[in-house]
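Since the structure comes first, as structure tokens, the remarks are kept for the end.
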Amino acid sequence: KLTRPGHNVLVELRALSDLKPDDKRVTGLAPAGGPRGVQGRAMFYYRYPELSVTNVQPLSGPKEGGTVIKLTVAEPIRNSINVLCVIGDARVQVRYISSYEATCVAPASETIGSKIFGISTDGQNIIPVGVGGVQFDFTYYLSPSIALVTPTFGSIEGKTPVQIIGTNFKNDGDMMRVMFGTTPVRVHTFVNQNQIVVMSPAHKEDLVTVSVSNNNQIYGSSDVKYRFFDTRAQVFHVKPWLGPVSGGTDVEISQGMIP
């Protein structure tokens with residue numbers, strides 16, 4: 001018998017005839033064997049048919065999987081043990097954070113591209129997720145990689161324009177980041193999928209690894225380095241310091257400390 005969402009009902013299993021201890025027609029109920037009548041009880045809970053999702057981030061990740069997707073909802077999440085994230089044909093368990101927040105981890109995908117993102121509250125039916133009538137998709141991409149950075153050094157005070165050349169860069173709103181060691185920075189200019197420009201962060205003197213993330217979470221592997229050095233106590237000598245406008249003059253640049 002149907003009832004309104006939010007209610008629960010007691011489900012009883014009744015035997016139509018006496019059961020014997022070795023009867024295999026009914027399993028998982030106690031007591032095993034007994035007179036006709038109630039042989040087991042279970043609670044059935046009627047859920048609201050939808051979750052009002054207000055935000056999902058990020059909605060993209062590498063095809064290797066591992067992206068932690070955070071969901072924010074308007075109403076409390078009920079019966080969270082049965083709530084699943086659905087990405088294409090894959091279903092993954094939701095991790096309960098609070099009454100209004102949960103996460104799930106994107107599984108690996110054999111292909112790249114967009115897949116429908118949804119929620120299942122009972123492990124069977126799929127509820128499309130979106131805001132303002134727009135269906136959310138989760139996009140799998142190839143992991144970004146860096147070939148080189150120019151220049152390869154800059155001041156510890158930061159703000160040096162750094163051009164990064166590589167592959168599989170993805171301009172996904174404000175999600176893209178570049179990591180200098182352990183310091184992330186936003187992309188200043190997205191040129192194309194093979195070229196971006198960032199401003200270096202302030203950093204102590206060090207040689208650090210530079211890596212790129214398309215979803216502000218998972219960074220591609222990299223062995224490209226960038227060196228921060230202190231220019232405040234140094235001076236550069238240029239010899240000769242003049243030459244013809246036609247060019248062609250060999251110039252020697254040396255570095256020294258201010259006495």
Side-chain angles (χ1 to χ4, degrees), residues 2-11 41-109 112-141 143-144 170-187 201 211-220:
L2 294 177
T3 186
R4 68 178 183 273
H7 278 204
N8 56 67
V9 295
L10 183 66
V11 179
R41 292 183 174 89
M43 192 67 70
F44 187 86
Y45 189 83
Y46 285 88
R47 296 185 50 81
Y48 287 92
E50 295 184 4
L51 286 176
S52 180
V53 178
T54 58
N55 190 41
V56 179
Q57 289 290 349
L59 281 169
S60 64
K63 65 186 294 290
E64 293 80 9
T67 299
V68 178
I69 305 169
K70 181 179 179 181
L71 302 93
T72 306
V73 299
E75 296 89 15
I77 302 172
R78 299 178 176 87
N79 199 22
S80 60
I81 193 172
N82 290 328
V83 178
L84 302 174
C85 284
V86 180
I87 304 176
D89 296 328
R91 289 168 170 76
V92 292
Q93 187 68 50
V94 165
R95 179 173 177 264
Y96 181 78
I97 303 298
S98 71
S99 296
Y100 299 91
E101 292 180 323
T103 61
C104 57
V105 180
S109 174
I112 61 173
S114 297
K115 298 187 178 184
I116 292 177
F117 181 84
I119 296 293
S120 175
T121 59
D122 57 7
Q124 300 177 35
N125 300 294
I126 300 174
I127 304 169
V129 172
V131 175
V134 178
Q135 167 68 51
F136 284 156
D137 289 336
F138 186 87
T139 302
Y140 284 100
Y141 54 73
S143 295
K170 184 175 182 292
N171 187 20
D172 190 5
D174 191 36
M175 300 302 293
M176 195 174 189
R177 295 289 188 275
V178 175
M179 188 77 77
F180 288 79
T182 58
T183 305
V185 296
R186 285 181 166 86
V187 173
S211 55
V212 173
S213 171
N214 285 336
N215 67 354
N216 192 20
Q217 187 178 128
I218 298 180
Y219 287 79

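Values below: every heavy atom of this structure, side chains too, minus hydrogens, waters and symmetry copies.
Taking OG of Ser143 as the reference point, atom NZ of Lys63 lies at 8.5 Å (rounded to 0.5 Å). Residue Ser99 holds its OG atom at 12.0 Å from CD of Glu75, rounded to the nearest 0.5 Å. Rounding to the nearest 0.5 Å places OG1 of Thr67 at 10.5 Å from CG of Leu59. From Ile112, atom CD1 reaches atom OG of Ser60 across 12.5 Å, with rounding to the nearest 0.5 Å. A distance of 10.5 Å separates OH in Tyr219 from CG in Asn214, rounded to the nearest 0.5 Å. With values rounded to the nearest 0.5 angstrom, Phe136 atom CZ is found 11.0 Å from Ile119 atom CD1.
In this structure, Pro107 and Ile87 approach most closely via the heavy-atom pair CD-CD1, 4.0 Å. Annotation for Val68 and Gln217: closest pair N-OE1, 2.6 Å, computed over non-hydrogen atoms. The minimum heavy-atom distance between Ile218 and Gly66, with the atom names listed, is CD1-C, 3.6 Å. In terms of heavy atoms, Val212 sits closest to Pro144 at O-CG, 3.4 Å.
By the salt bridge (charged side-chain N to carboxylate O under 4.0 Å, His left out) test, Asp172 is found to be paired with Lys170, residues two or more places apart in sequence or in another chain being considered. Applying the ring-ring contact (aromatic ring centres under 6.0 Å, His included) rule to Tyr140 yields the partners Phe138; only residues at least two apart in sequence or on another chain are considered. Residues passing the side-chain hydrogen bond (donor to acceptor under 3.5 Å, both in side chains) test with Asn125, sequence neighbours excluded: Asp122. In this view, Ser114 and Thr139 satisfy the side-chain hydrogen bond (donor to acceptor under 3.5 Å, both in side chains) rule, not counting sequence neighbours.
Within the structure, every pair that satisfies the salt bridge (charged side-chain N to carboxylate O under 4.0 Å, His left out) test and touches residues 88-106, not counting sequence neighbours, is listed here: Lys70-Glu101.
At least one side-chain heavy atom of Cys104 sits less than 4.5 Å from a side-chain heavy atom of Leu71. Residues Asp137 and Phe117 have side chains not in contact (no heavy-atom distance under 4.5 Å, counting atoms from C-beta outward). For the pair Val105/Cys85, no side-chain contact is recorded, criterion being any heavy-atom separation below 4.5 Å from C-beta on.
Val73 pairs with exactly one of Thr54, Val129, Asn55, Val53 by the side chain to side chain contact (heavy atoms under 4.5 Å, CB included) rule, that one being Val53.
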Listing, residues 176-186 side-chain donor-acceptor contacts under 3.5 Å, not counting sequence neighbours, or none:
from: Arg177; atom 1: NH1; to: Asp174; atom 2: O; distance (Å): 2.6
from: Arg186; atom 1: NE; to: Asp174; atom 2: OD1; distance (Å): 3.3
from: Arg186; atom 1: NE; to: Asp174; atom 2: OD2; distance (Å): 3.0
from: Arg186; atom 1: NH2; to: Asp174; atom 2: OD2; distance (Å): 3.4

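Checking side-chain atoms of Gln135 against main-chain N and O of Ile116 turns up no donor-acceptor pair under 3.5 Å.
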